[in-house]
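Keep in mind the model is a prediction, meaning the values are calculated, not measured. Below, read A as the first sequence line, B as the second, and so on, with proteins coming before strands; counting in each chain starts at 1.
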2 protein chains.
Amino acid sequence: MTSVEEPARPGERERVRDAARTQAEILDVATQEFARAGYDGARVDEIAARTRTTKRMIYYYFGGKEQLFTAVLERAYGVIREAEQQLDVDHLDPVAAIRRLAELTFDHHEQHPDFIRLVSIENIHEAQHIAASGKLGKIGSPALDVIRRILEEGRRSGLFTADVDAVDLHALISSFCFFRVSNRHTFGALFGRDLVDPAQRAHYRTMLGDMVIAYLTAERAAD
Amino acid sequence: MTSVEEPARPGERERVRDAARTQAEILDVATQEFARAGYDGARVDEIAARTRTTKRMIYYYFGGKEQLFTAVLERAYGVIREAEQQLDVDHLDPVAAIRRLAELTFDHHEQHPDFIRLVSIENIHEAQHIAASGKLGKIGSPALDVIRRILEEGRRSGLFTADVDAVDLHALISSFCFFRVSNRHTFGALFGRDLVDPAQRAHYRTMLGDMVIAYLTAERAAD
DNA sequence: TCACTAATGTACGAACTAGTACGTTAGCTA
DNA sequence: TAGCTAACGTACTAGTTCGTACATTAGTGA
């Protein structure tokens, strides 16, 4: 998540009024607060109190609580898109490429629990903020293009047998990565196992890769 | 979910005062309201208005909003436990047994979207109500015992090669089933694909089974 | 340097919301 | 059938929460 800790660039004197900084600071704090308490549990006053500015500015820049949450979502999705764009697997064989992609997803989900919480919250509200966003419509994800290319190559070379398209494979990979973070509390409370235990991280990361590869390369009964 | 539509048993005259019926009716409506709006978004007044009783009775029987939500969770988890207890796969070979179990999980998740939403909500609140419940501690799940038996048999017979225990396999199966329902709104909005489209139901159900079997039976590099 | 506007702060209000004090009655039991 | 209590309803309050009217000032362009 883009943060605003650094006081602009060195040499540039910290101005008292800085619209960009104020907005970014509001977004940082709002991200934490919405992720912590959910949309209705989050308090606009609390967000304001934890910035260097006032509630007035939240309404000045974002218009209201709903639009603030939408802006928070837009930025959070932007971050994962950027990470996915860094992905370069064209030099790898399809099996290694898919494993690399799955591991990137795994790592990103683990490193951004706030993002997971925001997405969970947005689903409770039936994606109404995404629908109202404009910036966030059906713009897909860079990962999808990568998956498409890998799948094509994998099938061409005969390594992949599964009858699956890029979107479904993305869902399969995401489901494991997402669940592990999103449901860790209830899962831990009910089954006594912490899915995000650092000592088990490598285990689950391998498990994910094994699962995806096994699925894609399994011998299939006649289609 | 246990419902209270039927006016007791036929012949039994509907009494004006019926503690069990009132409590069940409150739980029914509260389940819907909490699932609809989240914990903080849910309104005690709204729950009361949609029952045949008043807010007073919610406090009389449950004590408060927190305890009401806990009671709602307890009942919802009870329902899935019951479903899992119906499961009888001892007569099936391990591969068929695991597929049957996965499909039962798939079906239950699809048929109980409110349950999924409640669990998502409880995770946003870090499972605090489960922790405070008593009824819901680390009591596991009937499905776990079934998985344990199938895994043992599968490994004994040499069919299963994966180094995975029952809890992790349960997580793998649940993640796909849960994500498909819990994240359908954001996934649909971002990728233009409805994961719960009835026309695709069989496709995803097969995909789940294929994935689990492929993972369990894949040829592994030397361990 | 001066005026203009974007950026900011203060103080407040209207509406909502969880929870409760108090009073009433249905239905069971002796 | 009388009386007792679990079950129920009404009306209210204290505290909260989103949002805004109004006043002020930093920084910039002419």
Original post:
For the residue pair A:Phe115 and A:Tyr77, does the interplanar ring angle fall in the parallel (under 30°), tilted (30 to 60°) or perpendicular (over 60°) class?
Top reply: perpendicular
Original post:
If only side-chain N and O atoms of B:Arg56 are considered, is one of them under 4.0 Å from the OP1 or OP2 phosphate oxygen of D:dG9?
Top reply: no
Original post:
Looking at D:dC8, C:dA18, C:dG9, which one has an atom nearest to any side-chain atom of B:Tyr59?
Top reply: C:dA18
**OP:** Go through the structure and list residues passing side chain to side chain contact (heavy atoms under 4.5 Å, CB included) with B:Arg17, not counting sequence neighbours.
**Re:** none
Original post:
Looking at the rings of A:Phe34 and A:Tyr39, which for Trp means the six-membered one, are their centres under 6.0 Å apart?
Top reply: yes
Original post:
Do A:Lys65 and D:dG19 have a side chain to base donor-acceptor pair shorter than 3.5 Å?
Top reply: no
Original post:
Among C:dT8, C:dA26, C:dA18, which is the nearest nucleotide to the side chain of B:Arg17?
Top reply: C:dA26
Subject >> Between C:dT17 (C1') and B:Tyr39 (OH): distance, integer Å >> reply: 12 Å
**OP:** Would you mind reading off the distance between A:Asp18 atom CG and D:dT28 atom C1', rounded to a whole angstrom?
**Re:** 14 Å
**OP:** Respond yes when some side-chain nitrogen or oxygen of B:Thr22 is under 4.0 Å from OP1 or OP2 of D:dC8, and no when none is.
**Re:** yes
**OP:** Would you indicate what B:Ala42 reaches in the nucleic acid, counting non-hydrogen atoms under 4.0 angstrom: base, sugar-phosphate, or nothing?
**Re:** sugar-phosphate
Original post:
Between A:His125 and A:His129, how do the two ring planes meet: parallel, tilted or perpendicular, split at 30° and 60°?
Top reply: perpendicular
Original post:
What is the distance, rounded to the nearest whole Å, between atom CD of A:Gln67 and atom P of D:dG19?
Top reply: 8 Å
**OP:** For B:Asp40 and D:dT17, give me the distance from atom CG to atom P, rounded to whole Å.
**Re:** 9 Å
Subject >> Distance-only donor-acceptor test (3.5 Å): side chain B:Lys55, base D:dG9 >> reply: no
Subject >> CZ/B:Arg100: more than 12 non-hydrogen atoms of other groups inside 6.0 Å >> reply: no
Original post:
Is the shortest side-chain N/O distance from B:Thr53 to OP1 or OP2 of D:dA7 below 4.0 Å?
Top reply: no
**OP:** Write down the distance between CE (A:Met57) and P (C:dT10), rounded to a whole number of angstrom.
**Re:** 12 Å
Subject >> Whole-Å gap separating P (D:dA7) and CD1 (B:Ile58) >> reply: 16 Å
Subject >> Closest to the B:Arg43 side chain, choosing from D:dC8, C:dA7, C:dT17 >> reply: C:dT17
Original post:
Looking for any heavy atom pair under 4.0 Å, which part of the strands does A:Tyr60 touch: base, sugar-phosphate only, or nothing?
Top reply: base
Subject >> N or O in side chain of B:Thr54 less than 4.0 angstrom from D:dT10 OP1/OP2 >> reply: no
Subject >> Rounded distance in Å - CD (A:Glu46) to P (D:dC18) >> reply: 11 Å
Subject >> Rounded distance (Å) that lies between atom C1' of C:dA11 and atom CG of A:Asp45 >> reply: 13 Å
